[in-house]
Chemist: 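One structure, pasted below without further comment.
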Amino acid sequence: MKTKIKEVEKVLDIVPMKNWKVYKQRPLMVAGPCSAETEEQVMETARLLAESGRVDVFRAGMWKPRTRPDSFEGVGTEGLKWLKQVKEHYGLPTAVEVATEKHVYEALKFGIDILWIGARTSVNPFAMQSISDALQGVNTMVMVKNPINPEPDLWVGAVERLCKAGIKHVGAIHRGFSSYEKTAYRNQPKWQIAIELRQRIPDIPLLCDPSHMGGHRKFILDLAQKAMDLNYDGLMIESHIDPDNALSDKKQQLTPSDLVQLISQIVLRDPETKDSDFINALHELRSQIDIYDDQLLDILESRMLVAETIGKYKKEHNITILQSARWKEILTRAIEKGEKRGLSSDFITVILEAIHQESINHQMKVMKEA
Ligand code: PEP
Ligand code: MN
């Protein structure tokens with residue numbers, strides 16, 4: 001793990017990532033249809049988005065990685081001509097998804113400004129390597145969507161392959177992760193993975209794609225706001241002139257006017273301030289947080305010591321570590337108490353499961369001791 005991070009840092013050292021931020025406004029807004037369908041649909045969507053003045057880059061998918069066969073798989077190279085016209089007519093830089101070397105060559109031939117790599121491609125190191133090889137020596141921007149698996153290393157690895165190929169302008173797009181469990185969102189955000197990516201590779205822009213994350217237009221504003229509050233650099237949002245009749249992702253697309261309205265509702269907060277009163281107040285509050293964190297650690301340490309003593313008794317009396325009835329009792333009690341304190345049952349469950357697992361690990365160690 002350590003060496004891998006070092007390797008990324010080494011690559012990033014020689015790549016002036018910070019220069020990537022060529023766009024003036026935050027958030028950098030990438031918008032456009034999930035799929036290019038017809039020349040009219042592409043041109044009309046682009047016209048409305050360009051005229052709004054709120055969109056920096058026009059996106060449209062030409063080759064669509066669909067989960068099931070017999071779905072609309074995109075118009076292919078034909079649609080790149082329309083993107084070229086979008087740039088010529090409306091002056092918007094364009095972005096397209098590439099999944100193979102051939103897509104890269106086609107997109108470059110048509111002068112596409114930004115290439116993005118989809119979640120079903122960034123998950124595959126072979127595909128990432130062949131795309132990176134195809135991009136050697138090219139000065140195009142490339143954005144890497146998070147892989148469908150919630151695996152930070154895979155995402156970092158995908159970025160790393162592009163950096164190693166000498167691509168100077170690399171960015172990341174957080175679009176959420178697949179899971180078997182059905183949740184309200186189409187993909188689980190797992191914000192902590194994007195935060196980890198940002199910590200490990202701080203100088204590349206990070207965008208959020210709330211369209212694919214939410215899977216429905218009703219979730220987009222909340223997710224976009226959350227991303228901006230986490231200081232993301234930009235957003236990629238799907239927009240279609242007639243979402244209900246879109247050939248892909250119809251539930252999550254917004255009309256250009258709904259998109260513009262949504263953008264105006266996002267509250268942009270500054271990541272930093274020079275206001276010394278605010279800085280002092282924040283400093284003091286953060287000191288309080290540090291004190292509470294220290295107390296939490298002290299309490300956890302004491303709790304583990306008690307768990308170890310229980311482990312010794314269990315060993316002496318030849319009793320199993322896991323006592324399901326007791327565990328259920330602990331959890332129910334804590335959820336009830338937590339709710340009265342404004343702590344959600346999800347939060348309490350996650351915390352207690354982690355604490356319980358750590359107690360089991362400590363008791364296992366005790367059992368093994370001679
Ligand atoms: C898309 O942007 O249309 C797309 C297919 O995205 P993802 O790879 O995130 O599913
Ligand atoms: Mn889509």
Side-chain angles (χ1 to χ4, degrees), residues 28-37 41-42 45 49 55 57-69 71-76 79-80 83 94-100 103-104 107 112-124 127-128 131 141-151 154-155 158-159 162 171-179 185-191 193-194 197 206-217 219-220 223-224 227 232 234-256 259:
L28 165 68
M29 270 302 313
V30 182
C34 175
S35 304
E37 297 167 9
Q41 169 245 4
V42 168
T45 314
L49 293 176
V55 169
V57 179
F58 183 77
R59 65 149 277 161
M62 303 299 156
W63 302 279
K64 301 303 298 178
R66 304 308 299 275
T67 305
R68 305 280 300 272
S71 312
F72 172 66
E73 291 191 323
V75 293
L80 293 171
L83 280 193
T94 53
V96 88
E97 175 175 345
V98 292
T100 65
H103 297 165
V104 171
I112 304 300
D113 302 280
I114 299 181
L115 309 182
W116 86 82
I117 293 159
R120 295 167 188 80
T121 308
S122 62
V123 75
N124 179 347
M128 277 313 304
I131 291 172
M141 295 182 191
V142 187
M143 302 198 289
V144 188
K145 287 205 175 190
N146 69 255
I148 44 175
N149 295 15
E151 172 52 72
L154 262 182
W155 199 3
V159 170
L162 290 164
I173 305 175
H174 177 206
R175 51 79 80 198
F177 300 87
S178 291
S179 71
Y185 294 146
R186 175 176 174 184
N187 291 291
Q188 294 185 7
K190 295 193 183 294
W191 299 99
I193 296 183
L197 178 95
L206 175 63
L207 276 68
C208 177
D209 167 358
S211 308
H212 290 90
M213 209 178 250
H216 194 287
R217 57 184 78 88
F219 296 125
I220 296 178
L223 290 166
Y232 282 45
L235 298 166
M236 177 186 260
I237 300 183
E238 287 185 340
S239 176
H240 190 288
I241 36 164
D242 184 9
D244 292 335
N245 290 306
L247 297 182
S248 58
D249 289 351
K250 53 171 83 171
K251 288 201 197 112
Q252 71 196 35
Q253 302 207 59
L254 293 164
T255 61
L259 173 70

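Residue numbers start at 1 and run along the sequence shown. Both counts, for ligands and for their atoms, begin at 1 and track the order of listing.
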Chemist: Can you check whether Ile220's main-chain N or O pairs, donor with acceptor, with Gln252's side chain at less than 3.5 Å?
Modeler: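 Flag not set: sc Gln252 to bb Ile220 has no pair under 3.5 Å.
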Chemist: List every atom of ligand 1 that sits less than 4.0 Å from any heavy atom of Trp116, numbering the atoms from 1 in the order shown and giving each element.
Modeler: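 Answer for ligand 1: 2 (O).
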Chemist: Which of the atoms of ligand 1 are close to Lys64, meaning less than 4.0 Å from one of its heavy atoms?
Modeler: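 Listed by number with element, the hits are 1 (C), 3 (O), 5 (C).
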Chemist: Do the side chains of His216 and Arg186 get nearer than 4.5 Å, heavy atoms only?
Modeler: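 Answer no - side chains too far apart.
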Chemist: Please say whether Glu97 places an N or O atom under 3.5 Å from an N or O atom belonging to ligand 1.
Modeler: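 No, no N or O pair falls under 3.5 Å.
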Chemist: For Arg59, which residues count as a salt bridge (Lys or Arg N to Asp or Glu O under 4.0 Å) partner, sequence neighbours excluded?
Modeler: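 For Arg59, the residues satisfying salt bridge (Lys or Arg N to Asp or Glu O under 4.0 Å) (neighbours in sequence not counted) are Glu238.
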Chemist: Could you report the tightest heavy-atom contact between His240 and Pro33, atom names first, then the distance?
Modeler: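 Residues His240 and Pro33, closest heavy atoms: CD2-CB, 4.2 Å.
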Chemist: Please report which non-hydrogen protein atom sits nearest to atom 10 (O) of ligand 1, along with the residue it belongs to and the distance in Å to one decimal place.
Modeler: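 Protein heavy atom at minimum distance: Arg175 NH2, 2.7 Å.
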Chemist: Could you tell me whether some N/O pair between Gly118 and ligand 1 is separated by less than 3.5 angstrom?
Modeler: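 No; every N/O pair is 3.5 Å or more apart.
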Chemist: Identify, by atom number and element, the atoms of ligand 1 in contact range of Arg120, meaning under 4.0 Å from any of its heavy atoms.
Modeler: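 In order of numbering, the contacting atoms are 10 (O).
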Chemist: Answer yes or no: does an N/O atom from Lys145 fall short of 3.5 Å to an N/O atom of ligand 1?
Modeler: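 Min N/O separation from ligand 1 is below 3.5 Å for Lys145.
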Chemist: Please list, in chain and residue-number order, the protein N/O/S atoms closer than 2.8 Å to the Mn ion (ligand 2).
Modeler: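 Correct list: Cys34 SG, His212 NE2, Glu238 OE2, Asp249 OD2.
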Chemist: Using a 3.5 Å distance criterion without hydrogens, assess whether the side chain of Asn149 forms a donor-acceptor pair with backbone atoms of Val123.
Modeler: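 Here the side-chain-to-backbone pair does not exist.
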Chemist: Side chain of Arg175, backbone of Ser211: donor and acceptor closer than 3.5 Å?
Modeler: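 Between the backbone of Ser211 and the side chain of Arg175 there is no qualifying donor-acceptor contact (under 3.5 Å).
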Chemist: Do you know the tightest heavy-atom contact between Tyr232 and Cys208?
Modeler: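 Looks like CD2-CB, 3.5 Å.
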Chemist: Could you tell me how the ring of His103 sits relative to the ring of Trp63: parallel (under 30°), tilted (30 to 60°) or perpendicular (over 60°)?
Modeler: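 Judged by the thresholds at 30° and 60°, the geometry between His103 and Trp63 is parallel.
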Chemist: Please confirm whether Met236 comes under 4.0 Å of ligand 1, counting heavy atoms of the residue only.
Modeler: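 Met236: no contact with ligand 1 (<4.0 Å).
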Chemist: Does any N or O in the side chain of Glu37 come within less than 3.5 Å of the main-chain N or O of Leu247, such that one atom is a donor and the other an acceptor?
Modeler: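 It does hold such a pair.
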Chemist: Starting from atom 1 (C) of ligand 1, find the nearest protein heavy-atom neighbour and note its residue, name and distance.
Modeler: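 Checking every protein heavy atom, the shortest distance to atom 1 (C) of ligand 1 gives His212 CE1, 3.1 Å.
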Chemist: With no hydrogens and no angle check, is any side-chain donor or acceptor of Lys64 less than 3.5 Å from a backbone partner on Cys34?
Modeler: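 Judged by distance alone, yes, a pair lies under 3.5 Å.
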Chemist: For the backbone of Lys145 and the side chain of Ser122, can you confirm whether one donor and one acceptor N or O come within less than 3.5 Å of each other?
Modeler: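 Judged by distance alone, yes, a pair lies under 3.5 Å.
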Chemist: Are any of the N/O atoms in Asp249 less than 3.5 Å from those in ligand 1?
Modeler: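 For ligand 1, there is no N or O atom that lies under 3.5 Å from one belonging to Asp249.
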Chemist: Could you find the nearest protein heavy atom to atom 8 (O) of ligand 1 and give me its residue, atom name and distance?
Modeler: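 Of every protein heavy atom, Ala119 N, 2.8 Å lies nearest to atom 8 (O) of ligand 1.
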